[in-house]
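Before I ask anything, let me first share the structure, which is written out below as structure tokens.
Indexing begins at 1, ligand by ligand and atom by atom, following the structure's order. It should be emphasised that the depicted structure is a prediction, and the values quoted were computed from it without experimental measurement.
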Amino acid sequence: MTGFFGKNLITLDETDSTNNYVKKIAMEGAPEGTLVIAKRQTAGRGRLGRKWVSQDESGIWMSFLLRPDIKPENASMITLICALALQKAIDEVCELETDIKWPNDIVFNGKKISGILTEMSADTLQINYVVAGVGINVEPKEYDEEINKIATSIKKETGKEVDRDLLIGRFGDIFAGYYREFQRNQNLLFMRDEYNRHLVNVNNKVKITDGDSAYVATAIGIDEQGELMVKDENGMLKKVRCGEVSVRGIYGYV
Ligand code: BT5
């Protein structure tokens, strides 16, 4: 690994959630780029209070600390940067061409290989820190029925061993390059087209759920702010902000 990512590396056998761990050391002054990798998580988390299955060593469970000099409202774009960096790293290191399900999932053949959870501590004007958490399913595994339907792993799809260190290192390098570019411009213009090339659901119908309301629309792609552009059933262009919304295919998970 080169650059700031993982220069300060903490490896753990077990923790509740690497995101929680990084938050704690962020408040104690840990430097930007601090990377925490755990073999097992007892309480891995997804978004919106969901669970992330990671109690055993079947995957890479890691979080890293960022202290970006950007406006708080732009922080959600970091999730998309992680997603594209991960898509590329998996492609290069594991020779598996995955897709991105906006905003935070890496999928293959409609099944989830990886998820990203970005959390921020900020006041109105300034970000204190951002924790980016990445879960990557590496080994095949039997989940409970519900998750079995939507989850897969790199090795299940490629049949090949995964060099975890190489994958993490490559992810870090690609991420660091994108992050530098992003901080300069505070938008995603530099990677928008590439992200859209890997985006699933382009030109397909998706169901957008925001709290109690839901509507069906056709996905078009992201704009330079990382918002998902969709066309509703009346042909009106709408932008979905990367926040507490869920976007799913109308016939299944993707
Ligand atoms: C995510 O949330 O996909 C974000 C996952 C982030 C996990 C990393 S691991 C390191 C760091 N520490 C943490 O505590 N978290 C981060 P979301 O989009 O809300 O998806 C969660 C949903 O994915 C669940 O409700 C399940 O349906 C499904 N799921 C749970 N575990 C899974 C797994 N191992 N593989 C695939 N799908 C899973």
Side-chain angles (χ1 to χ4, degrees), residues 6 9-26 34-66 76 78-80 82-83 85-87 90 98-120 130-157 162 164 167-168 171-172 175 200-201 206-210 228 240 242-249 252-254:
L9 173 66
I10 298 170
T11 54
L12 306 168
D13 282 338
E14 191 169 286
T15 188
D16 55 350
S17 150
T18 52
N19 268 40
N20 296 350
Y21 194 97
V22 172
K23 272 189 206 170
K24 197 178 75 203
I25 59 174
T34 296
L35 172 65
V36 174
I37 307 174
K39 284 187 184 158
R40 298 178 296 275
Q41 297 188 120
T42 53
R45 292 187 286 115
R47 299 181 308 152
L48 308 165
R50 296 181 195 125
K51 290 201 171 99
W52 180 258
V53 178
S54 47
Q55 295 93 334
D56 62 21
E57 298 176 26
S58 60
I60 296 169
W61 325 125
M62 64 177 182
S63 304
F64 53 100
L65 175 63
L66 300 170
S76 59
I78 292 172
T79 302
L80 280 76
C82 280
L86 201 50
Q87 193 282 337
I90 293 172
T98 56
D99 298 309
I100 301 171
K101 179 175 168 288
W102 185 90
N104 71 319
D105 288 350
I106 301 296
V107 297
F108 184 78
N109 270 346
K111 288 192 163 188
K112 185 158 168 170
I113 279 190
S114 174
I116 297 158
L117 173 68
T118 315
E119 296 178 296
M120 164 172 78
V130 171
V131 178
V134 177
I136 310 169
N137 297 329
V138 173
E139 303 288 332
K141 174 179 161 62
E142 280 301 312
Y143 301 89
D144 67 28
E145 211 187 317
E146 203 46 39
I147 294 180
N148 246 345
K149 278 189 253 167
I150 62 162
T152 190
S153 67
I154 298 178
K155 195 170 157 192
K156 190 169 178 186
E157 303 300 340
V162 175
R164 293 184 183 213
L167 181 57
I168 295 168
F171 166 76
F175 177 84
V200 283
N201 273 330
V206 291
K207 184 176 173 192
I208 294 142
T209 309
D210 187 357
L228 183 68
V240 186
C242 174
E244 306 289 85
V245 291
S246 130
V247 178
R248 287 195 162 201
Y253 163 65
V254 168

query = Where on E146 is there a heavy atom closer than 4.0 Å to ligand 1, on the side chain, on the backbone, on both, or on neither?
reply = neither
task = State the atoms of ligand 1, each with its element, that fall below the 4.0 Å cut-off from a heavy-atom position in G46.
result = 1 (C), 2 (O), 4 (C), 19 (O)
key: Which of the ligand 1 atoms, numbered from 1, are nearer than 4.0 Å to a heavy atom of N137   = 33 (C), 34 (N), 35 (N), 36 (C)
query = Should K112 and N137 count as side-chain neighbours, where that means a heavy-atom distance under 4.5 Å?
reply = no
ask   = With a cut-off of 4.0 Å, which atoms of ligand 1 are near a heavy atom of Q41?
value = 9 (S), 10 (C), 11 (C), 12 (N), 13 (C), 14 (O)
request  = Would you kindly specify which portion of T18 sits under 4.0 Å from ligand 1, judged on non-hydrogen atoms: side chain, backbone, both or neither?
outcome  = both
Part of D105 with heavy atoms under 4.0 Å of ligand 1, whether side chain, backbone, both or neither = side chain
ask   = When you look at W102 and V240, which way does the side chain to side chain contact (heavy atoms under 4.5 Å, CB included) test go after all the steps?
value = CA-CA 10 Å; W102 185 90; V240 186; 3.9 Å; yes
task = Verify whether one side chain among S17 and N19 offers a donor that lies under 3.5 Å from an acceptor in the other.
result = no
inquiry  = Within the 4.0 Å heavy-atom shell around N19, which atoms of ligand 1 are there?
reply    = 11 (C), 12 (N), 16 (C)
task = Applying side chain to side chain donor-acceptor pair (under 3.5 Å), run through N148 and E142 and close with a yes or a no.
result = CA-CA 7 Å; N148 246 345; E142 280 301 312; 2.9 Å; yes
query = Mind checking whether L48 has a heavy atom under 4.0 Å from ligand 1?
reply = no
Cationic tip of K111 above F108 ring, under 6.0 Å, 45° of axis = no
message = To the nearest 0.5 Å, what is the distance between OG1 on T15 and CZ on R40?
response = 11.0 Å
task = Ignoring angles and geometry beyond distance, decide whether I150 reaches within less than 3.5 Å of ligand 1 through its nitrogen or oxygen atoms.
result = no
key: Numbering as shown, the atoms of ligand 1 that approach M62 to under 4.0 Å (heavy-atom distance)   = 10 (C)
note = Atoms of ligand 1 under 4.0 Å from any heavy atom of G44, numbered from 1 in the order shown, are 14 (O)
query = Out of W52, Y143, Y21, whose heavy atom sits nearest atom 29 (N) of ligand 1?
reply = W52
inquiry  = Can you confirm, on distance only, whether ligand 1 has an N/O atom lying under 3.5 Å from any N/O atom belonging to W61?
reply    = no
message = Please work out, at 4.0 Å between heavy atoms, whether the side chain, the backbone, both, or neither of R50 comes within that distance of ligand 1.
response = side chain
query = When you measure from atom 31 (N) of ligand 1 to each heavy atom in V53, V134, T152, which option holds the nearest one?
reply = V53
note = Among G135, G59, G49, closest by heavy atom to atom 8 (C) of ligand 1 is G135
ask   = For atom CD of E14, is the number of surrounding heavy atoms from other residues, nucleotides or ligands below 6.0 Å larger than 12?
value = yes
ask   = Is ligand 1 less than 4.0 angstrom away from at least one heavy atom of S54?
value = no
inquiry  = Checking E139 against K155 for the salt bridge (charged side-chain N to carboxylate O under 4.0 Å, His left out) test, could you report, in this order, the C-alpha distance in whole Å, the side-chain angles of both residues, the deciding distance, and whether it holds?
reply    = CA-CA 5 Å; E139 303 288 332; K155 195 170 157 192; 3.4 Å; yes
inquiry  = If we set the cut-off at 4.0 Å for heavy atoms, which region of I116 has an atom near ligand 1: side chain, backbone, both, or neither?
reply    = backbone
4.5 Å side-chain heavy-atom contact, V200 and I100 = no
Candidate list I10, V134, L9, test side chain to side chain contact (heavy atoms under 4.5 Å, CB included), partner I37, passing option = L9
request  = May I ask you to test the I113-V107 pair for a side-chain heavy-atom distance under 4.5 Å?
outcome  = no
